[in-house]
Enquirer: 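Pasting a structure here, questions to come.
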Amino acid sequence: MSRVYNFSAGPAVLPEDVLREAAKEMLDYQGSGMSVMEMSHRSSEFEGIIQTAEADLRELLQIPDNYKVVFLQGGASTQFAMIPLNFMKNKVADYIVTGQWAKKACEEAAIYGKANVIASSADETFSYIPDLNDLALSEDADYVYICENNTIYGTKFKTLPDTKGKPLISDVSSCFLSEPMDVSKYGMIFGGAQKNIGPSGVSIAIIREDLLENEPLEMTPTMLKYNTHVKAESLYNTPPCYAIYICGLVFKWLKKQGGLAEMKKINEEKASLLYQFLDESKLFKGTVRAADRSLMNVPFVTGSDELDAKFVKESKAAGLMNLKGHRSVGGMRASIYNAMPREGVLALIDFMKKFEEENR
């Protein structure tokens, strides 16, 4: 078997131990004689899978009892509509726009009410997190919204905004389970699994119970009401069973690594190695303000479109895959999620050193 180092932003690298476990159980899940792909979501086997996955997630994040966990379809992008449909009772919400995904969420919310941009870093191509001190919150805002880690631009909120009692809703798609977080500081967190937790097809939402007491906007379809899925324990309709199963295996893998505090140490070390090289390089340059750098997504450039293209081509030939930057910004981007081993980051740095020597 020949495995490459996959630096894709998502769908992204998964732990090899998880892939091996899934392969072992592909034809026969724990003596059931069936693959998880084949079994009914109403079966006792799948009930055990989803209940164990939720219990392990609650343990990893230390989720308080007054929060509900749901596994949803439609990706994180569907939440851009579900959030205002379910929580915009005053039809006003405040958005901090730090990248394309927060921008898209804000634009979607504007369909259903007034979406106020109270801070933005668009003026410098989303290369920093704006000042969060003394935000001009809307008096009647139903919630404050952030995208906590910006996959495309490589920025991360290091501190949370003071929402002055208003619920904070955070898209954590690309930093989910990469470090501990205090769930009690949020009204809701959500994310697509395909960046740091599992395969594409499932999103996870963690919602404080009091928010679920709101009546959704009148036009809200049944499938877009959070309570539909909460009350049915994520089984209102056929869920993405196999994706949930893989997420459950990843949760167990994370526990074996020592939990989220240990993962944070590992992720900080990997990111530090790469950022240190970028800071010392004469050819490569990081594109994000140092104080706001993400541990998960590291964008960089050479300053030459021609050299960037050459780097992407040659890195692929060297087994370093998916380093091309997002189409909206160009350059390169290394996504170094939980499952990216330290050896992968070192292999990338070694290649970058060689490329720099050959292209001075």
Enquirer: Please determine, by modelled atom types, if Asn359 and Lys310 share a side-chain donor-acceptor pair under 3.5 angstrom.
Expert: yes
Enquirer: Indicate, with yes or no, if the rings of Phe46 and Tyr245 have centres closer together than 6.0 Å.
Expert: no
Enquirer: Measuring from Ile244:CD1 to Ser234:OG, what's the distance to the nearest 0.5 Å?
Expert: 6.5 Å
Enquirer: Sub-3.5 Å donor-acceptor pair from the side chain of Ser121 to the main-chain atoms of Pro130, do we have one?
Expert: no
Enquirer: For Gln100 and Tyr153, which I'm curious about, is there any donor-acceptor pair between the side chains at under 3.5 Å?
Expert: yes
Enquirer: Could you tabulate the donor-acceptor pairs under 3.5 Å formed by side-chain atoms of residues 268-279, not counting sequence neighbours?
Expert:
residue : atom : partner : partner atom : Å
Glu269  : OE2  : Arg342  : NE           : 2.7
Glu269  : OE2  : Arg342  : NH2          : 3.4
Lys270  : NZ   : Asn267  : OD1          : 3.3
Lys270  : NZ   : Tyr337  : O            : 2.8
Lys270  : NZ   : Met340  : O            : 2.7
Tyr275  : OH   : Ser294  : O            : 2.6
Gln276  : NE2  : Glu280  : OE2          : 3.3
Asp279  : OD1  : Arg293  : NH2          : 2.7
Asp279  : OD2  : Arg293  : NH1          : 3.2

Enquirer: Quick check on the 6.0 Å ring-centre criterion: do Phe311 and Phe284 meet it?
Expert: yes
Enquirer: Got Asn116 and Ser138 here, is their nearest side-chain heavy-atom distance under 4.5 Å?
Expert: yes
Enquirer: In plain terms, say whether Glu21 and Lys24 are close enough for a salt bridge, that is, a side-chain N and a carboxylate O under 4.0 Å apart.
Expert: yes
Enquirer: Cut-off 3.5 Å, side chains only: do Asp308 and Thr302 have a donor facing an acceptor?
Expert: yes
Enquirer: Quick one: does Leu27's side chain get under 4.5 Å of Ser35's, heavy atoms only?
Expert: no
Enquirer: Is a side-chain donor-acceptor pair under 3.5 Å present for Asn150 with Asn297?
Expert: no
Enquirer: Donor-acceptor pair, distance only, cut-off 3.5 Å: does the side chain of Asn86 make one with the backbone of Leu224?
Expert: yes
Enquirer: Determine yes or no for a side-chain-to-main-chain donor-acceptor pair under 3.5 angstrom, with Asp142 supplying the side chain and Lys89 the backbone.
Expert: yes
Enquirer: Determine whether a donor-acceptor pair (N or O, by modelled atom type, separation under 3.5 Å) exists between the side chain of Asp28 and the backbone of Ser32.
Expert: yes
Enquirer: Could Lys252 and Asp56 be called an ion pair, given the rule that one side-chain N must be under 4.0 Å from one carboxylate O?
Expert: yes
Enquirer: Under a 3.5 Å threshold, yes or no: a donor from one side chain and an acceptor from the other, between Gln79 and Ser203?
Expert: no
Enquirer: If you count every heavy atom of other residues, nucleotides or ligands that lies below 6.0 Å from Asp140 atom CG, does the total exceed 12?
Expert: yes
Enquirer: Closest approach of Leu283 and Glu356, non-hydrogen atoms and distance?
Expert: N-OE2, 3.4 Å
Enquirer: Check the surroundings of atom NZ in Lys255: do more than 12 heavy atoms from other residues, nucleotides or ligands lie under 6.0 Å from it?
Expert: yes
Enquirer: Kindly check if the number of other-residue, nucleotide or ligand heavy atoms within 6.0 Å of OH (Tyr236) is above 12?
Expert: no
Enquirer: Under a 3.5 Å distance rule, please check whether Ser43 uses its side chain to pair with a backbone N or O of Met39 as donor and acceptor.
Expert: no
Enquirer: Could you tell me whether the side chain of Lys158 and the main chain of Ala291 form a donor-acceptor pair under 3.5 Å?
Expert: yes
Enquirer: Tell me, do Leu19 and Leu249 make a side-chain contact under 4.5 Å, heavy atoms counted?
Expert: no
Enquirer: How about Lys164: does its NZ atom have over 12 heavy atoms from other parts shown lying under 6.0 Å from it?
Expert: yes
Enquirer: For Tyr186 and Glu148, which I'm curious about, is there any donor-acceptor pair between the side chains at under 3.5 Å?
Expert: yes
Enquirer: Tell me if a side-chain donor or acceptor on Ser8 pairs with a main-chain N or O of Gly10 at a distance below 3.5 Å.
Expert: yes
Enquirer: Might you confirm whether atom CD of Glu306 has over 12 heavy atoms from other residues, nucleotides or ligands at distances under 6.0 Å?
Expert: no
